[in-house]
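The next block holds one structure in the form of structure tokens; read it before the comments.
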Amino acid sequence: MNTLGTFIVILLSLAVGAVAGYYGRRLIAESRIRGAEEEATRIIEEASKEAEAQKKETLLEGKEEIHRYRQEAERDIRDRRRELDRMERRILQKEEQLDKKTENIDKKDQVLREQEKVLEKTQQDLQLILTQQLKELERLSGLTSEEAKALLLSNVEQQIRQETAVLIKTLESEAREEADKKAKNIVSLAIQKCAADVVSEATVSVVALPNDEMKGRIIGREGRNIRTFENLTGVDLIIDDTPEAVILSSFDPIRREVARVALENLISDGRIHPARIEEMVEKAQKEIDQEIREVGEEAAFEVGVHNLHPELLKLLGRLKYRTSYGQNVLKHSVEVAHLAGIMAAELGVDIALAKRAGLLHDIGKAVDHEVSGPHIEIGVDLAKKYRESKDVIHAIAAHHGDVDPESIEAVLVQAGDAISASRPGARRETLEAYIKRLEKLENLADSFTGVERSFAIQAGREVRIIVKPDDIDDLAAIKLSQDIARRVENDLDYPGQIKVVVIRETRSVEYAK
């Protein structure tokens, strides 16, 4: 019973404590709320006061800013007014100056009009005087004004023509001298850069024998060996009294070379009979054919010419065994190609074309023993057959002047051919032929009217003609040199060029007594 009462008392105490705590906390909360409301009211009042003060301060600053702007605007307006006043004064001054200038112009205009009237009167007086003078001149000279004008124009025209002729002659002389100088420089440079043998090889088909007994073995029993050899090679074998040597004779250089190689092989082998001769001749032909191809390829490679037809390479190789006045034609062709290429480089034209045309210009000589006709026509036909370009064909056709050159490369090939053929030691010429050529040149010059004497000098490279001064004047001397040069070109065959010099001398002789 006591425990239950104690428990009840505890419960009642707890209930009373809880109620009291609740109301106590409520009272505390209400007190805090009232404090917070009062604080909020105070803060709002302070904020209102501060905002009012800020508002007043802002209004005051705005009024001050407006007042400052107004003062600046008034100051700017005053400055602009002063500037306008200055401009107005300047404009007024300029107007006054313009008025003064206008007055001066009017005065000058009036003076000019008066001077114009005086000038017109003066011109009229001058015209009258001129008319009177012309009439007087016509009366004194016996010519009308139109006739005098025509005479004056004629004199002026004649004077102008004379001056023009002198000027043209001077310009032509200067241009000729300049062109001659430049051409000489180019040619001399080409000659310096092209190295060639001074003395050309001469192809002599002579075969040396170890002893004279070999001649009998070559002839054979009843001449059967020599007959077989000549029939197979097409070459005449000449066995005479020349000690330890036999001579091979044929117009075809290739056949002659095949015969030489075959005969040397037979002599080395020692077995000489018809079957062996046939075998050696066939072997020699193969060797020469192979050598011809190799020589042609080497020549094209040396010059730098590519893409030649194989048959053209063989024809080039054949030129090794062809000579012209003792000059090897293959070496001559290579030399011409080098010269033409060097000159083309100096002039800035097609170097490859110049070299190609120079190398092939004498290609017709490779078969001129087999085909009838001049070597130029044969070369043109060969170039067309193996599809060379039109420029190369034209250069081949024009290299001896049979066709007028139409391209610079053709002229260069012509010049290279002349240089290679005419350089000292390039070609052999007999004394008799040399003297006949000089005599023919002098006789040709002597055949012209007015020529007193002529002299071929410098190995026929120059002819000097002395004319009669009474029959030939200076202008006729110029024409005579041209006529003789054209006649030499048409009537004579010569390598290179011939210089024609006409000399006219006038002497005045008087004796003092």
Side-chain angles (χ1 to χ4, degrees), residues 55-183 185 347-349 408 473-476 478-479:
K55 179 179 178 183
K56 290 179 180 180
E57 185 179 354
T58 302
L59 288 173
L60 182 60
E61 290 177 354
K63 288 179 180 179
E64 291 177 354
E65 188 72 18
I66 290 170
H67 180 66
R68 185 169 58 81
Y69 285 152
R70 184 180 292 126
Q71 288 179 346
E72 291 178 356
E74 290 175 354
R75 186 167 56 254
D76 188 25
I77 290 170
R78 286 195 300 272
D79 293 340
R80 289 177 180 272
R81 247 177 223 166
R82 284 195 296 270
E83 183 66 24
L84 288 173
D85 292 340
R86 285 195 298 271
M87 291 177 65
E88 188 175 358
R89 285 195 298 273
R90 285 198 299 270
I91 290 171
L92 291 174
Q93 290 175 357
K94 288 183 178 180
E95 287 180 353
E96 291 176 358
Q97 292 175 357
L98 286 174
D99 292 339
K100 291 179 181 180
K101 288 182 179 179
T102 304
E103 290 177 2
N104 293 331
I105 290 172
D106 292 338
K107 291 179 181 179
K108 289 182 179 180
D109 190 20
Q110 184 177 358
V111 173
L112 287 174
R113 282 195 295 270
E114 293 175 356
Q115 291 178 350
E116 205 172 59
K117 292 178 181 179
V118 174
L119 183 61
E120 287 179 359
K121 186 176 182 305
T122 305
Q123 286 179 345
Q124 292 174 359
D125 295 340
L126 287 174
Q127 187 65 33
L128 180 62
I129 294 171
L130 181 61
T131 303
Q132 293 174 354
Q133 288 180 347
L134 285 175
K135 290 180 179 179
E136 184 66 19
L137 286 173
E138 289 177 359
R139 185 184 67 80
L140 294 174
S141 64
L143 297 173
T144 63
S145 60
E146 294 297 329
E147 292 174 346
K149 187 185 296 183
L151 180 61
L152 179 62
L153 288 176
S154 176
N155 293 335
V156 171
E157 182 180 2
Q158 184 177 359
Q159 184 179 0
I160 291 175
R161 285 181 181 275
Q162 184 177 0
E163 292 177 356
T164 303
V166 173
L167 180 61
I168 291 174
K169 185 176 180 181
T170 303
L171 292 176
E172 285 182 350
S173 178
E174 292 177 356
R176 191 177 293 109
E177 289 177 0
E178 184 65 24
D180 187 58
K181 181 179 179 182
K182 188 172 183 180
N185 288 336
L347 295 174
V349 295
I408 298 178
D473 58 12
D474 290 339
L475 295 177
I478 296 174
K479 187 175 184 303

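Residues take their numbers from the sequence shown, with the count starting at 1. In this text the structure is predicted, and so the values were computed from the model without any measurement. FYI, side chains are in, hydrogens and waters are out, and symmetry mates aren't considered; it's all heavy atoms of this structure.
For E157, the salt bridge (Lys or Arg N to Asp or Glu O under 4.0 Å) test picks out R161, with sequence neighbours left out. In this view, R82 and D79 satisfy the salt bridge (Lys or Arg N to Asp or Glu O under 4.0 Å) rule, not counting sequence neighbours. Here R80 pairs with D76 under the salt bridge (Lys or Arg N to Asp or Glu O under 4.0 Å) rule; sequence neighbours left out. Judged as a salt bridge (Lys or Arg N to Asp or Glu O under 4.0 Å), and not counting sequence neighbours, R78 has no contacts. Under the rule for a side chain to side chain donor-acceptor pair (under 3.5 Å), R81 has no partner lying at least two apart in sequence or in another chain.
Residue L59 forms a side-chain contact (heavy atoms from CB on, under 4.5 Å) with just one option from K56, E57, K55, and that option is K55.
Under the 4.5 Å side-chain criterion, counting only non-hydrogen atoms from C-beta, R89 is in contact with D85.
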Considering only distance and modelled atom types, tabulate donor-acceptor pairs under 3.5 Å from the side chains of residues 113-127, sequence neighbours left out.
| unit_1 | atom_1 | unit_2 | atom_2 | d |
| --- | --- | --- | --- | --- |
| R113 | NH1 | D109 | OD1 | 3.2 |
| R113 | NH1 | D109 | OD2 | 2.6 |
| T122 | OG1 | V118 | O | 2.8 |

Side-chain donor-acceptor contacts of residues 90-106 below 3.5 Å, not counting sequence neighbours, with atom names and distances?
| unit_1 | atom_1 | unit_2 | atom_2 | d |
| --- | --- | --- | --- | --- |
| T102 | OG1 | L98 | O | 2.7 |
| N104 | ND2 | K100 | O | 3.3 |

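E72 CD to H67 NE2: the interatomic distance, rounded to the nearest 0.5 Å, is 11.0 Å.
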